[in-house]
Protein chains: 2
Amino acid sequence: MKDRRPYRRESEERRRDDLIAAALELVAEGGAKAATVRAISEKAGVTAGLIRHYFANKEELTRAAYTRLMDQMTSQSLAVLQDAPSDPVIRLALFIAASVSPPVSDPVAVALWAAFVQELRRDPEMHAVHRVTYLGFRDLLQSLIEALPAPPADPRRSAIACNGLIDGLWMEGALLPEAFEKDELIDIALDCSGAILHIDLATAYRTEREKT
Amino acid sequence: MKDRRPYRRESEERRRDDLIAAALELVAEGGAKAATVRAISEKAGVTAGLIRHYFANKEELTRAAYTRLMDQMTSQSLAVLQDAPSDPVIRLALFIAASVSPPVSDPVAVALWAAFVQELRRDPEMHAVHRVTYLGFRDLLQSLIEALPAPPADPRRSAIACNGLIDGLWMEGALLPEAFEKDELIDIALDCSGAILHIDLATAYRTEREKT
DNA sequence: GCGTGAATTACACAGTTGTATAACAAGGCC
DNA sequence: GGCCTTGTTATACAACTGTGTAATTCACGC
């Protein structure tokens, strides 16, 4: 007489992944308030109770989603170096260009990021995630800068500056795309990073792009 | 027999101001989700029903609060020019330094800003507010750049770049203050804006500061 | 095949949310 | 000083929130 919904047992990893992915999609679509336990579980194809079987509470799921988002963005910027030439100037130029253009610089990604930023001040664990991912990205940038033929005297300062420039343009390009022409932000990011580092990143990028 | 709460009638402007201020304080303290109609009205010293007497719905109050926040931040950056000398290099340096240091660069302000950013994609009116305030700030910066003795060839590009740098450092300094030494971000912002514009903003700022 | 443990569903619950509506009272006007 | 507009309170309501708990049913070991 019961018409209980049939289901399949899945691995813990699979279920956690599905729930995190569903949460991110919902936050992207409708802001943090749209990611309710019921909406998340429905999108993941399970019932609400299961969330608390894999996460102690909703906060923990939120943290997991934030970590996943930041890891994704860093690895997307890094992916462009996978099959890049070994010339450090070209590598830096490609990395910077990738960071201020899609899919890294994307309205959905920025909105997602903003949704989590509000939690940083209140949740020490979220703050820790932020520190690790921010410093991780910056250190990556710094290592690219230190590999340059004529590295700057204070690579840490240079990395902070370029990181600030990248983050600002990343955000502005995603939030107000109609205010910029195609590739304008890439050009600006390369020109100004070049001015900061006293090298010509723009032509290095252009010649590399024309090679294909 | 009724012990109905006594009250005073106030002007529409006063009530709207109080409600907006209460909403901003709550978002700052506990994120967007803390700004419920009941919490807002309690903090403003009224009952919940009154909100809908002054705002058609909660969304409208949210929009008003966002507009107010952005106006405040721009005017705070601008305030430093009030009694600044007429030397355009000094004026630009003061403006940039103010934008990446308290009270403009502040964890509360950044968290508030992030809380609203999530709405930009969904709410066209919020998007319009964002466009106006972003372009307003950038145009201000561009006018300061154009006033320089040797203005750059493309002031728009320079303004976009400096704005990006400022926004990035504004955000990073507020979100992870322990990662930077005192005045480090001001120095970096001035050095790198100077590199982009080919002028020496850092010494202009330092000599101006030592004048007092 | 068949038990058995655990993944999953189903349901309940108390609290909160935004909103609608009616009763009330403050303060200006004559 | 009494009326009348309307700012303000009070209360109701249905929808939704996160969470706790018991009942089911899947899938694996034997």
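Side-chain atoms are counted along with the backbone in the values below, which use heavy atoms only and exclude waters and symmetry mates. Chain naming here is simple, since letters A, B, ... match the order of the sequence lines and numbering starts at 1 in each.
The CD1 atom of B:Ile40 sits 17 Å away from the C1' atom of D:dT8 (whole-angstrom rounding). Rounded to an integer number of Å, the gap from B:His53 NE2 to C:dA23 P is 17 Å. We find that CD1 of A:Ile51 is positioned 15 Å from P of C:dA10, with the value rounded to whole Å. A straight line from CZ of B:Arg14 to P of D:dG7 spans 16 Å, rounded to a whole angstrom. Whole-Å rounding puts the A:Glu60 CD to D:dG18 C1' distance at 15 Å. Rounded to whole Å, the distance from CG on A:Asp18 to C1' on C:dT8 is 14 Å. Whole-Å rounding puts the B:Arg4 CZ to C:dA25 P distance at 6 Å. At whole-Å resolution of the value, CZ in B:Phe55 and P in C:dA20 are 16 Å apart.
Taking B:Arg52 as the reference, nothing meets the salt bridge (Lys or Arg N to Asp or Glu O under 4.0 Å) condition, with sequence neighbours excluded. Residues passing the side chain to side chain donor-acceptor pair (under 3.5 Å) test with A:Glu125: none are found, sequence neighbours excluded.
Ion pairing of B:Asp18 with B:Lys43 is absent here, as no side-chain N (NZ or NE/NH1/NH2) approaches a carboxylate O to less than 4.0 Å. For the pair B:Glu29 and A:Arg121, the salt-bridge criterion is not met [side-chain N within less than 4.0 Å of a carboxylate O]. Salt bridge absent: A:Arg38 and A:Glu42 never bring a charged side-chain N and a carboxylate O closer than 4.0 Å.
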Query raised in the report: Which letters describe nucleotides 14-19 of chain C, given B = protein heavy atom under 4.0 Å from base, S = only from sugar-phosphate, - = neither?
Result: ---BBB

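At a threshold of 4.0 angstrom between heavy atoms, the contacts of B:Glu10 are confined to the sugar-phosphate backbone, with no base atom among them.
Taking both residues in full, the closest heavy atoms of B:Ala32 and B:Ala115 are given as CB-CB, 4.3 Å, listed atom of the first, atom of the second, then distance.
Nucleotides of DNA chain D nearest to B:Arg9 and B:Leu50 differ in position, and the one nearer the 5' end is that of B:Arg9.
Close to D:dT8, at under 4.0 Å from its OP1 or OP2, lies a side-chain N or O of B:Tyr54. OP1 or OP2 of C:dT9 has at least one side-chain nitrogen or oxygen of A:Arg5 nearer than 4.0 Å.
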Report task. Could you please spell out the steps behind the side-chain contact (heavy atoms from CB on, under 4.5 Å) verdict for A:Tyr205 and A:Ile90? Result -> CA-CA 6 Å; A:Tyr205 178 74; A:Ile90 294 178; over 6 Å; no

